[in-house]
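Naming convention: chains lettered A, B, ... in sequence-line order (proteins, then strands); numbering from 1 in each chain.
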There are 2 protein chains.
Amino acid sequence: MPVLLTDAQIAEGRARIVAVAERQAVELGLERLSMHGIARELGWSATALYRYFDNKDAILAAARTAAYDRLSDQLEAAMARPGDIWSRSREVGNAYVDFAFAHPEAYRLIFEFAQPGRGQYPELDAANARGRSNMIGYVEQMVAQGAVDADPVLLAHVFWAGLHGVVSLQMAGKLGPDAPPFETIRRDMVRRIIRSALGPTARRPIRNPAGEQR
Amino acid sequence: MPVLLTDAQIAEGRARIVAVAERQAVELGLERLSMHGIARELGWSATALYRYFDNKDAILAAARTAAYDRLSDQLEAAMARPGDIWSRSREVGNAYVDFAFAHPEAYRLIFEFAQPGRGQYPELDAANARGRSNMIGYVEQMVAQGAVDADPVLLAHVFWAGLHGVVSLQMAGKLGPDAPPFETIRRDMVRRIIRSALGPTARRPIRNPAGEQR
DNA sequence: GACGATAGATAACGGCGTTATCTGACGGAA
DNA sequence: TTCCGTCAGATAACGCCGTTATCTATCGTC
């Protein structure tokens, strides 16, 4: 029998490559990522990477998947904290925004306009689905507990789009010196959407006594 | 005196280059734009482009500026149509979304995360400012006419971020088959924000009798 | 008609993503 | 122990990229 890389060795090689890719994305910016550069840092030839990934796009897809999973980790951790549904939802929102500004390249990888099509990278599709379910879960709980009155999936997407919109404008530098500060826009956006979902039967939240984070 | 390109000739050359760049951005996608490719289509050598632009980034900045100005044209045209402030505001929103899906590469150029810093390309800064004022203008009118009750600049940015958020999620392919359709999310987002701004003194809009566009 | 300046071409650089080919080390069979 | 098949990874090379240095040929001016 020939000499073969075990599955574990393949996985380790892929993990090393993705780790270096993420490091360089942070250090150099996403567009300066290169096969040659990654290989250089690993002390490999550029072509060695092709034993682990089909091409550069596949490496980017793996990095995207990792980034998305890390975001989901943060959201799930925030959701798992103690507290009523209002404070936990606020935690989820804070975790989302914190992640975006703590890891802008990861956020960019996840939400950049040019994304690989569905079905091309199944693991990326799974990470997408997991992320989406995190954006929905907390609103489902709000509805289940009677805190708000709305179609949970729709309301969750409205929240998501609202949050993503403010974050994107900020990241694209569209909130210049004359615009209200990021946090003001975000707070106002969230407050307006929440208010609109407080139907006559919904139980209203108590004003946050300690002030809001961020 | 030497042979010199007149200002008009410089402007014409720049315009031709940007036009080809825009064409190729649509045809090939933004990341496949190249100096060599633009020059090839013009029948020029790649280096000839450097008589008109410092580098590729400068060409991209010019294309960005043109894209932003075209968006502003559409918004201003929508705002100038006859009708009360409600219908005109709806027209502005429709124009924004229509532009995004009619010219996704232009929208991408305008709102991509990696944007040149302020002060680097004054014309781009001007296009940014003009775009921003279009996002604010119609809300200012709403407030002035007593239609809504809010800080106009803040409310305008919330609208902008909300719209941009839905459009971005859609363009990044984040609204999969299980998500509500784009138009549903957008409508719900806009309705919620509007409702939240209908203060006690605001004059409420009449329900659109003909149904909504798009 | 000669000159100076310059618009644009040519040549070349290093770096990119990728393919074809080579090499050498290893596991198993004899 | 020797030999062989296999494959991980290296080398070489391709065409393309953005950019710089240099050349050339054309033009307005005198």
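Checking D:dG18, C:dG8, D:dG9 against the side-chain heavy atoms of B:K56 singles out D:dG18 as nearest. Side-chain atoms of B:T47 lie closest to D:dT20 of the nucleotides D:dG18, D:dT20, D:dA8.
Looking at residues 31-43 of chain A, you'll see A:L33, A:S34, A:M35, A:H36, A:R40 sit with a heavy atom under 4.0 Å from some atom of DNA chain C. Across residues 15-28 of chain B, not one residue has a non-hydrogen atom less than 4.0 Å from an atom of DNA chain D.
Using a 4.5 Å heavy-atom threshold, the side chains of A:R23 and A:E41 count as touching.
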Name the atoms and distances for all side-chain donor-acceptor pairs under 3.5 Å in residues 30-37 of chain B, with sequence neighbours left out.
residue	atom	partner	partner atom	Å
B:E31	OE1	B:R108	NH2	2.7
B:R32	NE	B:L28	O	3.4
B:S34	OG	B:G37	N	2.8

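The distance between atom CG of B:L49 and atom C1' of D:dG18, rounded to the nearest whole Å, is 11 Å.
Proximity of A:Y52 to the phosphate of D:dG9: a side-chain N or O atom is located under 4.0 Å from OP1 or OP2. Note on B:R51: every side-chain N or O is 4.0 Å or more away from OP1 and OP2 of C:dG8.
Contacts classified as salt bridge (charged side-chain N to carboxylate O under 4.0 Å, His left out) and involving residues 58-77 of chain A (residues at least two apart or in different chains) are given here: A:E22-A:R70, A:D69-A:R130, A:D73-A:R130, A:E76-A:R130.
Legend: residues meeting salt bridge (Lys or Arg N to Asp or Glu O under 4.0 Å) with A:R81, ordered by chain and number and at least two apart, are A:E91. Partners of A:E123 under the salt bridge (Lys or Arg N to Asp or Glu O under 4.0 Å) rule, at least two apart in sequence or in another chain, do not exist in this structure.
Taking the six-membered ring where the residue is Trp, the centroids of B:F182 and A:H157 are separated by 6.0 Å or more.
Tested against A:I185 for a side chain to side chain contact (heavy atoms under 4.5 Å, CB included), the candidates B:V153, B:L155, B:V158 yield a single pass: B:V158.
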